[in-house]
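Letters A, B, ... mirror the listed sequences (proteins, then strands); counts begin at 1.
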Amino acid sequence: MITNKEIASILSKTADLLEIKGENPFKVRAYRNAARIVENSSKDFNKLVKEGFDLTRLPGIGKDLSSFIKEIVETGKFHKLEELQKEIPPGLVDMLSIEGLGPKRIRQIYDAFKVTSLDELKKYAENGELDKLPGFGPKLIEKILKGVKQIKKAGIRFLWADVEEIAEDIRKYLFKFKGVEIVEIAGSYRRKKETVGDLDILVVAEDYPKVSEYFIKYKKVKEVHSAGLTRSTVFLDNDLQVDLRAVSKESYGAALHYFTGSKAHNIEIRKLAIEKGLKVNEYGVYRGDKRIAGKSEEEVYEAVGLCFIEPELRENRGEIEACLNNYLPKLIRKEDILGDFHMHTSYSDGANYIEEMVKKAINLNYKYIAITDHSKRLKVANGMSEEELLSQLKEIDEIQKKYKEIKILKGIEVDILEDGSLDFSDEILEKLDIIVGAIHYKFEGDQTKRILKALEKIDILAHPTNRIINKRSEINANFEEIFHKAKEKNVILEINSQPDRLDLPDTYIKMAKEIGCKFAINSDAHNCNMLEYIKYGINQARRGWLEKEDVVNSWKLEDVIKFLKIH
DNA sequence: GCCGTTTTCGGCCCGACTGTTTTCAGTCG
């Protein structure tokens, strides 16, 4: 069974090779497009193909790509990719990630010297051979040499939460400069994507060159890459790229829209504009030479016949169609959250006592929380035994008497064992209000059956894919099947707010919502301050199109109790 | 390779920056 991500990766690799081969750029784009469509889809392509769904109904997929995707799903292979791989050495693809080297120059180098690896490329750059090629000057050679060294670092994206502090610090720094009116951080940061490749910062200021001069003096700037009349790029000491762009007040909305992206969303917006005889760029919306909109994003959307679309939705995952047909979601907000169903205390591997967690929750205006410490299998990692659980339940009763303003639900995070059973007996579990279940070990192989069985007994499936961003990939399982069963059994799907988990991922959230599942945005806090991580989970939920009614922990306590059948 | 109430051929988003040029190609976002 192949995942959407794997299909997308095959198509995208094919695009890389076609590009190096010198194919028609628009053909290359068609492959990249298809890769993005598959990766961003909230439908499982494996299933679509099996059901005989006509893929050409998807805009961007035609007769050829439809049959190619079918081939990939059915055989796990793609003949065109295999042919290209025979023809083009893999080293050339690696070169694509070197800054300054694109398909044309790579081709040029290959044709001239038959260079097929990064090591050889380094050799030719150092011995002066590359200089002989037209268009290759000393600066470019230097850039290539630097790129060869850095290539391993390339491709790692920063966790959203890891750039948050730095982004806000730069925002403050820029506002200190005289004449700066607006600073906004656009790009994937504004779309709240789980990882961020770079920061795109827009400034409206009287004198941009002066702001740029001030910007590149920011304390964490390691290297100035470029500094132009409207745009400057720097690298910070943690290798994060930051782009600063000058924008005029009249164009602010158009620029904010343009630089917020995503690219796929923008392309769709421009197509709509063309249909109306308009042109959209970062300066505004134009009819002929006349600018008709651009001061605000609302103006831009209105000009092309749309309502405002929240940044988190701008991924070309159906938001434009939803807007045209009036079913855009009213996204969940921080203020809507009334509780948290997953947190740890000193009973397992948490740093704080139950009472400290309760106080913090009250401080956050929560109406209810669930205490869910680890169960016994994780005794090695400070899980609880049955006896410890029973004494914890008594302690919760005592604390509950003291704090009437909040309902403390009795819960546990049980382990889903290899065969799908849980590591506490039914008798013990019956004493609890809420059972959070999760897989914590043995991630190899198809996990579908294991999870399906566990869904019979748990209330919440915690961090369902078990991925750790940049570290561990998701488990292999048929999530569409799991979501259907979760809906049937009223099992809530967790959106785990830990910045490196954010599990479920956004496309799965949307898939599950369309199936009709309910969700809980949980902090999985291991100390009381971590309860505030919930904001990262909210970001993720918004990217998955969730509304208040989809998120159980934004409901009134009585509705939660009814849904979970708590007595 | 995709797409289509001006089109089944001929378009395909578009501008900034760099490095190399001496008017522009390649790359990037």
Side-chain angles (χ1 to χ4, degrees), chain A residues 11-12 14-15 18-37 55-69 78 80 95-109 130-144 147 154 186-189 191 196-202 208 212 224-234 241-247 251 254-255 257-275 277-286 300 304 316:
Chain A
L11 292 171
S12 159
T14 310
L18 286 171
E19 196 169 32
I20 293 170
K21 200 183 164 194
E23 267 287 3
N24 174 358
F26 297 104
K27 186 196 268 195
V28 176
R29 185 187 295 174
Y31 276 85
R32 294 241 159 87
N33 236 333
R36 201 178 48 224
I37 291 164
L55 297 176
T56 63
R57 279 168 57 190
L58 305 169
I61 310 272
K63 198 166 131 275
D64 286 357
L65 277 162
S66 160
S67 78
F68 296 158
I69 291 171
F78 182 27
K80 277 196 174 247
M95 292 179 199
L96 273 178
S97 45
I98 293 175
E99 160 101 33
L101 278 191
K104 297 262 171 59
R105 285 176 182 151
I106 291 173
R107 185 80 215 177
Q108 212 181 340
I109 296 170
L130 275 191
D131 305 42
K132 293 178 186 159
L133 295 177
F136 284 69
K139 292 240 173 119
L140 184 57
I141 307 274
E142 199 185 319
K143 215 177 192 178
I144 291 170
S188 49
Y189 182 80
R191 300 201 312 280
V196 174
D198 57 17
L199 289 178
D200 286 300
I201 306 182
L202 304 188
Y208 176 76
S212 173
V224 179
H225 177 271
S226 63
L229 282 175
T230 63
R231 181 175 152 190
S232 325
T233 297
V234 302
Q241 180 181 333
V242 185
D243 293 340
L244 187 74
R245 297 165 199 270
V247 173
S251 301
H257 179 261
Y258 180 89
F259 290 113
T260 296
S262 68
K263 195 171 168 181
H265 175 85
N266 286 356
I267 288 173
E268 289 307 308
I269 296 291
R270 276 183 212 169
K271 281 188 196 160
L272 271 183
I274 289 167
E275 281 171 24
L278 303 172
K279 188 179 80 165
V280 177
N281 61 23
E282 59 262 56
Y283 301 109
V285 182
Y286 295 84
V300 173
V304 298
N316 193 24

Item to complete: Scan Ala255(A) against the nucleic acid and name what it touches under 4.0 Å (heavy atoms): base, sugar-phosphate only, or nothing.
Response: nothing
Worksheet item: Distance between the P atoms of dG11(B) and dA16(B), in whole angstroms?
Response: 24 Å
Every protein N/O lying under 3.5 Å from an N/O of nucleotides 21-26 of chain B:
none

Worksheet entry | Among dC12(B), dT18(B), dG29(B), the one nearest Arg29(A) by side-chain distance | dC12(B)
Worksheet item: Do the side chain of Asn24(A) and the base of dG1(B) come within less than 3.5 angstrom through a donor-acceptor pair of N or O atoms?
Response: yes
Worksheet entry | For Arg191(A), all residues meeting side-chain hydrogen bond (donor to acceptor under 3.5 Å, both in side chains), sequence neighbours excluded | Glu315(A)
Worksheet item: Excluding sequence neighbours, so at least two apart, what forms salt bridge (charged side-chain N to carboxylate O under 4.0 Å, His left out) with Glu282(A)?
Response: none
Discussion item. Could you tell me how far dT20(B) sits from dC24(B) if I compare only their C1' atoms? Round to whole Å.
Written reply: 9 Å
Discussion item. Using the C1' atom as the point on both nucleotides, what is the distance between dT22(B) and dC28(B), in whole Å?
Written reply: 24 Å
Worksheet entry | side-chain hydrogen bond (donor to acceptor under 3.5 Å, both in side chains) contacts in which one or both residues fall within residues 131-144 of chain A, not counting sequence neighbours | Glu129(A)-Lys132(A)
Fill in: Distance between C1' atoms of dG15(B) and dG10(B) (Å, rounded)
23 Å
Worksheet item: OP1, OP2 of dC17(B) versus side-chain N and O of Thr230(A): anything below 4.0 Å?
Response: yes
Discussion item. OP1 or OP2 of dA16(B) versus the side-chain N and O atoms of Tyr283(A): is any pair under 4.0 Å?
Written reply: yes
Worksheet entry | Among dG1(B), dC17(B), dT20(B), the nucleotide that comes nearest once only the side chain of Lys80(A) is considered | dG1(B)
Fill in: From dT20(B), dG29(B), dG1(B), nucleotide with atom closest to Tyr31(A) side chain
dG1(B)
Worksheet item: Among all residues two or more places apart in sequence or in another chain, which pass the ring-ring contact (aromatic ring centres under 6.0 Å, His included) test with Phe259(A)?
Response: none
Fill in: For the student: nearest non-hydrogen atoms of Ile61(A) and Ala34(A), plus distance
CD1-CB, 3.9 Å
Item to complete: Could you work out the separation of dG26(B) and dT21(B) based on their C1' atoms and round it to a whole Å?
Response: 13 Å
Worksheet item: Across all strands shown, which nucleotide pairs with dC2(B) by Watson-Crick or G-U wobble geometry, both distances under 3.5 Å?
Response: dG11(B)
Response to the item:
Residue set satisfying side-chain hydrogen bond (donor to acceptor under 3.5 Å, both in side chains) with Thr56(A), at least two apart, ordered chain then number -> Asp54(A)
Worksheet item: Who pairs with Lys80(A) by side chain to side chain contact (heavy atoms under 4.5 Å, CB included), at least two apart in sequence or on another chain?
Response: Tyr31(A), Phe68(A), Phe78(A)
Worksheet item: Which heavy atom of Gly187(A) sits nearest a heavy atom of Asp200(A), and at what distance?
Response: CA-OD2, 3.9 Å
Response to the item:
Here the distance between atom C1' of dC28(B) and atom CD of Glu282(A), to the nearest Å, is 13 Å
Worksheet entry | Selection from dG1(B), dA16(B), dT20(B) that lies nearest to any side-chain heavy atom of Pro138(A) | dT20(B)
Worksheet item: Looking only at N and O atoms, is any donor in the side chain of Tyr258(A) or the base of dG29(B) less than 3.5 Å from an acceptor on the other one?
Response: yes
Fill in: Nucleic acid footprint by protein, nucleotides 2-9 of chain B - heavy-atom cut-off 4.0 Å, B for base, S for sugar-phosphate alone
SS------
Discussion item. Applying side-chain hydrogen bond (donor to acceptor under 3.5 Å, both in side chains), can you list everything that pairs with Arg32(A), at least two apart in sequence or on another chain?
Written reply: Asp16(A), Glu19(A)
